[in-house]
*Asks:* 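Before I ask anything, let me first share the structure, which is written out below as structure tokens.
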2 protein chains.
Amino acid sequence: MHSPALEGNLAQPVIRRLDALRQLSERGIALLQRAILEGLQRAGQGEDLANEGDPVDSVRIILSGWLCRFKTLEDGRRQITSFILPGDACDACVYLLSVMDHSIGTLTPVIYADIKRPVFERLLAADQSLAQAFWCETMVNSAIQREWTVNIGRRIALERVAHLLCEIHERLRPVGMIDGDSCAFPVTQIDLADATGLSVVHVNRTLQELRASRLITLRDRTLTIMDLRGLQNIALFTADYLHTKRCG
Amino acid sequence: MHSPALEGNLAQPVIRRLDALRQLSERGIALLQRAILEGLQRAGQGEDLANEGDPVDSVRIILSGWLCRFKTLEDGRRQITSFILPGDACDACVYLLSVMDHSIGTLTPVIYADIKRPVFERLLAADQSLAQAFWCETMVNSAIQREWTVNIGRRIALERVAHLLCEIHERLRPVGMIDGDSCAFPVTQIDLADATGLSVVHVNRTLQELRASRLITLRDRTLTIMDLRGLQNIALFTADYLHTKRCG
DNA sequence: CGTGCGGTTGAAGTAGGTCAAAGGGTGTGG
DNA sequence: CCACACCCTTTGACCTACTTCAACCGCACG
């Protein structure tokens, strides 16, 4: 686990993700890679990396594993506001706000880099392409959050679940986590319900409908999209909001 | 309208907003004020300032008037994803994405400053406090968007509408647009429905319920919150996510 | 071998949607 | 100055997509 080769691989998803948004300079890549290796951390499944109210003083970059942001109402109702996938920088900039207004929990074991704020700021100052890539990432996250608002506000259950699956599929691709038409999908139906604003029971029935329509298979934490076009159609999905083209 | 005094006043909401997030330097204020005055624009009510797919090459800072961001599905369903209030910088950073993934429409006549990207970037480079304030603003907007996800996903109609009213009230305060317990509220029930993910009919009945509970008055585009604590209670509202304390 | 979690099923209830029509205010054109 | 049109609001009746409750199943794990 501590051979240079393996460690180099660890940073791959992040670099792929950022480089897809904004071409990184060689120097930027090297600096980033070093910062990542110096801040390596692990967390188990079902842990909360941060809670509402916590002070924020570092940036976390996810190297492997899935997480989710969520908020909980006083009476226990829970809403997942986004999924954080390998290569995502969670809180690249949230730290500007000093205090967490939401929580972050792991859905799987996770390997991440914890980069202290001053280190991160030096990183951005040292390489313009890195700074721009991180800002782009932040803006894409905002765009995703807007789309979730639309999804939950105006799509019916079937469209809503389908849309979420399309989004995750599309986001996993650039970081190389799609294998054919399948991908890991470590999200329980409970999580899916909390992410879509539906009840577990209804998510269950909705998934069955998607399966019955031969659009997807979802078993043993593996999602297979059998008919991507079909799924996108019923989801009213267009990938524009993910801004996968290079920006800036 | 073109006396220096009046023009100075125009920029007030923006400066108050940004300064509340991150104390601005004298120099920063002066630079910002100049950039604003050089880019003054107007728009009428019901105009779209930008549409999905449009290229983005400037930042708009709202000096007076209300706008909303929204997305429309193919079949006409519409979701407002946020309200843009006086003092807000719409797209302070969205321009990084090059293409709009949503539209922006006016709810009232609007006065705004259109600042071209290179000018804006020079502004940020010239004064650190301005740069930080704008980034903070962007992060607060993300936080608001997350809360909307929670609102629409997990709150019932009554809570949801109440929460939206609380939020707007709270956001108008720092820019000095609250008069006692009243404020302008140029949002139709149609808009309210599109913002909350409800139907117009149900928004209407929900408002009546809030009125019957003597929590609010809403007539002639004026909102009066008669019992703020009560409204916040049923909305499960806490202002934390608005990060009104200085940050950074 | 129990215990607990996630998934599945059925039955019954309800929050909120849809449809349709009517009322009030305002602006416009004849 | 009236009439008409348009937009927003309001109301009533009916409908349904989704929730809730409750139970059961299968599987992994201690």
Side-chain angles (χ1 to χ4, degrees), chain A residues 44-47 66 68 73 75-80 105-109 151-164 184-212 216-223 234, chain B residues 44-47 66 68 73 75-80 105-109 151-164 184-212 216-223 234:
Chain A
Q45 173 176 15
E47 284 182 29
W66 291 38
C68 66
L73 300 184
D75 61 3
R77 278 175 285 178
R78 174 169 175 267
Q79 176 69 41
I80 293 180
T106 64
L107 301 175
T108 67
N151 201 33
I152 299 177
R154 284 299 182 220
R155 273 187 266 255
I156 63 169
L158 189 70
E159 299 167 344
R160 212 184 287 183
V161 173
H163 192 278
L164 182 57
F185 195 81
V187 182
T188 68
Q189 294 185 6
I190 298 169
D191 298 328
L192 227 33
D194 285 341
T196 52
L198 298 166
S199 68
V200 199
V201 174
H202 202 63
V203 163
N204 182 289
R205 300 201 228 262
T206 304
L207 286 174
Q208 287 180 50
E209 201 175 335
L210 290 173
R211 286 191 270 246
I216 65 161
T217 314
L218 177 51
R219 270 184 44 209
D220 303 329
R221 315 278 110 131
T222 301
L223 169 70
I234 65 160
Chain B
Q45 172 177 17
E47 283 181 30
W66 290 39
C68 66
L73 300 184
D75 60 4
R77 277 175 285 178
R78 174 168 174 268
Q79 176 70 40
I80 292 181
T106 63
L107 301 175
T108 67
N151 201 33
I152 299 178
R154 284 298 181 221
R155 273 187 266 255
I156 64 169
L158 190 70
E159 300 167 341
R160 214 184 284 182
V161 172
H163 192 279
L164 183 56
F185 195 80
V187 182
T188 68
Q189 293 185 10
I190 299 169
D191 298 327
L192 228 32
D194 285 342
T196 52
L198 298 166
S199 68
V200 199
V201 174
H202 202 65
V203 163
N204 183 288
R205 299 203 227 261
T206 303
L207 286 175
Q208 288 179 48
E209 202 175 334
L210 290 173
R211 285 192 271 244
I216 64 161
T217 314
L218 177 50
R219 270 184 46 208
D220 304 329
R221 314 279 108 131
T222 301
L223 170 69
I234 66 161

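Throughout, a chain's letter reflects where its sequence line sits, starting with A, and its residues are numbered from 1.
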*Asks:* Would you mind reporting whether B/Arg154 and A/Asp194 have side-chain heavy atoms less than 4.5 Å apart?
*Replies:*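 Side-chain contact under 4.5 Å: yes.
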
*Asks:* Extract from the structure each pairing of a protein N or O with an N or O of nucleotides 5-9 of chain D at less than 3.5 Å, listing the distance.
*Replies:*
residue : atom : partner  : partner atom : Å
D/dC8   : O3'  : B/Arg221 : NH2          : 3.2
D/dT9   : OP1  : B/Arg221 : NH2          : 3.0
D/dT9   : OP2  : B/Gln189 : N            : 2.7

*Asks:* Are there any protein N/O atoms within less than 3.5 Å of an N/O atom in nucleotides 20-27 of chain C, and if so, which ones and at what distance?
*Replies:*
none

*Asks:* Can a donor-acceptor pair be found, under 3.5 Å and without considering hydrogens, that links the side chain of B/Thr106 to the backbone of B/Glu47?
*Replies:*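 Checked: pair present.
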
*Asks:* How long is the line joining CD of A/Glu209 and P of D/dA17, in whole Å?
*Replies:*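 For the pair A/Glu209 CD and D/dA17 P, the rounded distance is 10 Å.
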
*Asks:* Between the two ends of the helix from C/dC1-D/dG30 to C/dG30-D/dC1, what is the bend in degrees, rounded to 10 degrees, where each end axis spans five pairs?
*Replies:*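 Roughly 30°, once rounded to the nearest ten degrees.
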
*Asks:* Hey, what do you get for CH2 (A/Trp66) to CG (A/Leu107), rounding to the nearest 0.5 Å?
*Replies:*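 Answer for the CH2-CG pair, A/Trp66 versus A/Leu107, is 8.0 Å.
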
*Asks:* Starting at CZ of A/Arg205 and ending at P of D/dC18, how long is that distance when rounded to a whole Å?
*Replies:*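 Taking CZ of A/Arg205 and P of D/dC18, I get 12 Å after rounding.
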
*Asks:* Any N/O pairs under 3.5 Å between the protein and nucleotides 14-16 of chain C? List them or say none.
*Replies:*
residue : atom : partner  : partner atom : Å
C/dG16  : OP1  : B/Ala157 : N            : 2.9

*Asks:* Less than 3.5 Å apart, which donor and acceptor atoms pair up between the side chains of residues 195-203 of chain A and the rest of the protein, not counting sequence neighbours?
*Replies:*
residue  : atom : partner  : partner atom : Å
A/Thr196 : OG1  : A/Leu192 : O            : 2.7
A/Thr196 : OG1  : A/Ala193 : O            : 3.4
A/Ser199 : OG   : A/His202 : N            : 3.3

*Asks:* How close or far is atom P of C/dT8 from atom CZ of A/Arg219, stated in whole angstroms?
*Replies:*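 Checked: the CZ to P distance equals 10 Å.
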
*Asks:* Hey, does B/Gln208 have a side-chain heavy atom less than 4.5 Å from the side chain of B/Asn204?
*Replies:*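 In contact.
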
*Asks:* Which residues satisfy the salt bridge (Lys or Arg N to Asp or Glu O under 4.0 Å) test with A/Arg77, sequence neighbours excluded?
*Replies:*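 A/Arg77: salt bridge (Lys or Arg N to Asp or Glu O under 4.0 Å) contacts with A/Asp75, B/Glu159.
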
